[in-house]
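The structure appears below as structure tokens.
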Amino acid sequence: SIAVTKPRPGHADLTGVLKYDRADVRDILERASARDTVARTAVGSFCKQLLALFSIRVMGYIRSIGNVTANLEGLSYEEAFLRAEESPVRTADKHAEAKMIALIEECKKEGNTLGGIFEIVALGLPPGLGTHTQWDRKLDGRLAQALMSIQAIKGVEIGLGFEMARRRGSEVHDEIFFDPNKMVTEGTPRIVPTGFYRGSNNSGGTEGGMTNGAPLVVRVAMKPISTLMSPLQSVDLRSKRPADASVERSDVCAAPAAAVVGESVVAFELARAFFDKFGGDSLREIKRNYQSYLEQIKSY
């Protein structure tokens with residue numbers, strides 16, 4: 001086959017050939033391709049099935065594509081997810097969906113690409129998954145690393161995320177209340193009564209590297225795909241002369257697909273944390289460990 005010698009801006013191409021001492025970009029671009037997410041998505045689907053046995057659900061949907069943002073006001077997480085499942089661009093807002101599709105078609109004609117932001121929500125998580133004691137076992141850190149490892153992901157935020165840095169502490173921290181009739185995960189499939197609850201969920205369901213019983217809410221930013229049908233400027237590795245970047249098969253916008261990958265990645269990390277805490281040698285033992293923990297936290 002003909003060697004690829006014109007690296008694409010934004011891809012692993014140039015850095016990869018320099019790092020691994022290769023002459024053909026093909027040796028880099030194939031392994032750096034997002035097709036490896038197929039295996040992660042398959043494994044994540046099994047993790048979702050395992051978590052479902054404990055009434056934990058993981059759902060993903062698009063918040064924005066390019067400069068078009070979905071309006072999800074008034075929708076529960078479940079409603080947003082169910083509507084997104086029926087959308088070709090995985091969004092719950094029909095009005096925004098039409099604009100997103102039109103924008104994708106416009107970019108396709110231009111030979112351009114688009115990124116987007118998707119949101120992953122996990123419902124029914126008990127408080128206490130993860131830990132504050134070791135930096136590499138903090139759940140929010142593990143989630144961020146796993147999501148950032150998906151190709152083209154450039155940002156991850158939990159709850160209010162970066163918006164927290166713009167506000168005062170009194171505006172972002174979720175106040176704690178006690179009501180013996182209140183449920184920690186009110187309105188979700190799993191009901192974990194402890195009496196403690198928070199008046200808001202700005203922290204996105206994690207505090208101190210652990211789940212706090214509120215819905216886990218993670219938003220993820222995906223950059224536009226690096227392969228443009230109207231290629232950007234590059235340099236030929238052999239001649240060192242200016243050249244158009246190589247063109248490979250590519251989509252215009254992969255953010256909706258990335259949301260599905262994100263679901264699986266989050267499900268995998270949540271399953272790891274769940275079995276770190278409740279693991280056993282049989283499903284019966286795991287369920288027994290879990291129920292014992294729920295009884296323990298009810299007593300506070």
Q: Decide if atom NZ of K240 counts as having more than 12 heavy atoms of other residues, nucleotides or ligands within a radius under 6.0 Å.
A: yes
Q. Considering the options R26, R35, R8, which one meets the salt bridge (Lys or Arg N to Asp or Glu O under 4.0 Å) requirement together with E248?
A. R26
Q) With hydrophobic residues grouped by side-chain heavy-atom distances under 4.5 Å, do L50 and L143 end up in a single group? A) yes
Q. Is there a donor-acceptor pair closer than 3.5 Å between any side-chain N or O of E263 and the backbone N or O of M59?
A. no
**Q.** Considering all heavy atoms, the nearest P127-I297 contact
**A.** CG-CD1, 3.9 Å
Q: Kindly give the heavy-atom pair with the smallest separation between Y290 and G124, and that separation in Å.
A: OH-O, 4.3 Å
**Q.** Non-hydrogen atoms of A23 and T5 that approach each other most closely
**A.** O-CG2, 4.2 Å
**Q.** Over 12 non-hydrogen atoms of neighbours within 6.0 angstrom of CG in D136
**A.** yes
Q: Could you grab the distance from atom CG of L75 to atom CZ of F81, nearest 0.5 Å is fine?
A: 14.0 Å
(Q) Has Q233 got a side-chain atom pairing as donor or acceptor with A243's backbone, closer than 3.5 angstrom? (A) yes
Q | Electrostatic pair E105:K108 at N-O distance under 4.0 angstrom | A | no
Q: Output, in order, the C-alpha distance, side-chain angles, deciding distance and verdict of side-chain hydrogen bond (donor to acceptor under 3.5 Å, both in side chains) for T91 and E97.
A: CA-CA 6 Å; T91 186; E97 176 188 289; over 6 Å; no
Q: Please report the shortest heavy-atom distance between S226 and G10, naming the atom on each side.
A: OG-O, 3.0 Å
Q) Does the ring centre of F278 sit less than 6.0 Å away from the ring centre of Y293? A) yes
Q. Got K94 and E86 here, is their nearest side-chain heavy-atom distance under 4.5 Å?
A. no
(Q) Between S76 (side chain only) and E79 (backbone N and O only), is there a donor and an acceptor less than 3.5 Å apart? (A) yes
(Q) Tell me if a side-chain donor or acceptor on S239 pairs with a main-chain N or O of R241 at a distance below 3.5 Å. (A) yes
Q) Just wondering, do L270 and L139 contact through their side chains at under 4.5 Å, heavy atoms? A) yes
Q.
Is there a path of hydrophobic side-chain contacts, each under 4.5 Å between heavy atoms of I/L/V/M/F/W/Y residues, joining I150 to V220?
A. yes
(Q) Test your reading of the model: is there a side-chain donor-acceptor pair from T15 to the backbone of A12, 3.5 Å cut-off? (A) no
Q) Is there side-chain contact between Q151 and D36, with at least one heavy-atom pair below 4.5 Å? A) yes
Q.
Are the side chains of C253 and I225 in contact, using a 4.5 Å heavy-atom criterion?
A. no
(Q) According to a hydrophobic-cluster definition based on side-chain heavy atoms being under 4.5 Å apart (Ile, Leu, Val, Met, Phe, Trp, Tyr only), do V266 and V43 belong together? (A) no
Q) Any ion pair linking E171 and R166 (charged N to carboxylate O, less than 4.0 Å)? A) no
(Q) I'd like to check E285 versus N289 (side-chain heavy atoms, cut-off strictly below 4.5 Å). Are they in contact? (A) yes
**Q.** Interatomic distance, F274 atom CZ to F54 atom CZ [nearest 0.5 angstrom]
**A.** 4.0 Å
Q: Return yes when atom CZ of F178 has more than 12 non-hydrogen atoms of other residues, nucleotides or ligands closer than 6.0 Å, and no otherwise.
A: yes
Q: Have a look at H132 and tell me which of E207, R137, M210 forms a side chain to side chain contact (heavy atoms under 4.5 Å, CB included) with it.
A: M210
Q. In terms of hydrophobic clustering (I, L, V, M, F, W, Y; side-chain heavy atoms under 4.5 Å; direct or indirect links), are V252 and M229 co-clustered?
A. no
Q) Side chain of R90, backbone of G60: donor and acceptor closer than 3.5 Å? A) yes
(Q) Per the salt bridge (charged side-chain N to carboxylate O under 4.0 Å, His left out) rule, what does the pair list look like for residues 265-280, sequence neighbours excluded? (A) R142-E269, R142-D276, E269-R272
Q: Examine distances only and state if a side-chain atom of S292 and a backbone atom of R288 form a donor-acceptor pair shorter than 3.5 Å.
A: no
Q. With no hydrogens and no angle check, do the side chains of H11 and D13 hold a donor and an acceptor under 3.5 Å apart?
A. yes
Q) When you look at CZ of F46, are more than 12 heavy atoms from neighbouring residues, nucleotides or ligands closer to it than 6.0 Å? A) no
Q. Would you find a donor on one side and an acceptor on the other, under 3.5 Å apart, between the side chain of D179 and the backbone of F196?
A. no
Q) So, E163 versus N202: side-chain donor-acceptor pair below 3.5 Å or not? A) no
**Q.** Approximate separation, where rounding is to 0.5 Å, of D140 CG and I158 CD1
**A.** 5.0 Å
(Q) Check for me, please, whether V260 and V38 land in the same ILVMFWY cluster - side-chain distances under 4.5 Å, paths through other members count. (A) no
(Q) Measuring only between side-chain heavy atoms, which start at C-beta, is N212 closer than 4.5 Å to T206? (A) no
Q | Minimum heavy-atom distance A273-G130, with the two atoms named | A | CB-N, 4.3 Å
Q | Residues that A267 engages under side-chain contact (heavy atoms from CB on, under 4.5 Å), provided they are two or more places apart | A | C47, K48, L51, V58
Q: Return yes if some donor-acceptor pair links the side-chain N/O of D24 with the main-chain N/O of D27 below 3.5 Å, else return no.
A: no
Q) Which distance, rounded to the nearest 0.5 Å, do you find between the CG of L228 and the SG of C107? A) 9.0 Å
Q: Quick one: pull up CE in M222 and CG in L147 and give me the separation to the nearest 0.5 Å.
A: 12.0 Å
Q. Can you tell me how far the CD atom of E175 sits from the OG atom of S170, to the nearest 0.5 Å?
A. 9.0 Å
Q. Any idea which heavy atoms bring V235 and P7 closest together, and the distance?
A. O-CD, 3.3 Å
Q. Any salt bridge between E106 and K99, counting N to O under 4.0 Å?
A. no
Q | Within-4.5 Å side-chain heavy-atom neighbours: R63 and T69 | A | no
Q. Would you say the side chain of L14 lies within less than 4.5 Å of the side chain of L237, judging by non-hydrogen atoms?
A. yes
Q: For S246 and K6, indicate whether the former's side chain and the latter's backbone hold a donor-acceptor pair under 3.5 Å.
A: yes
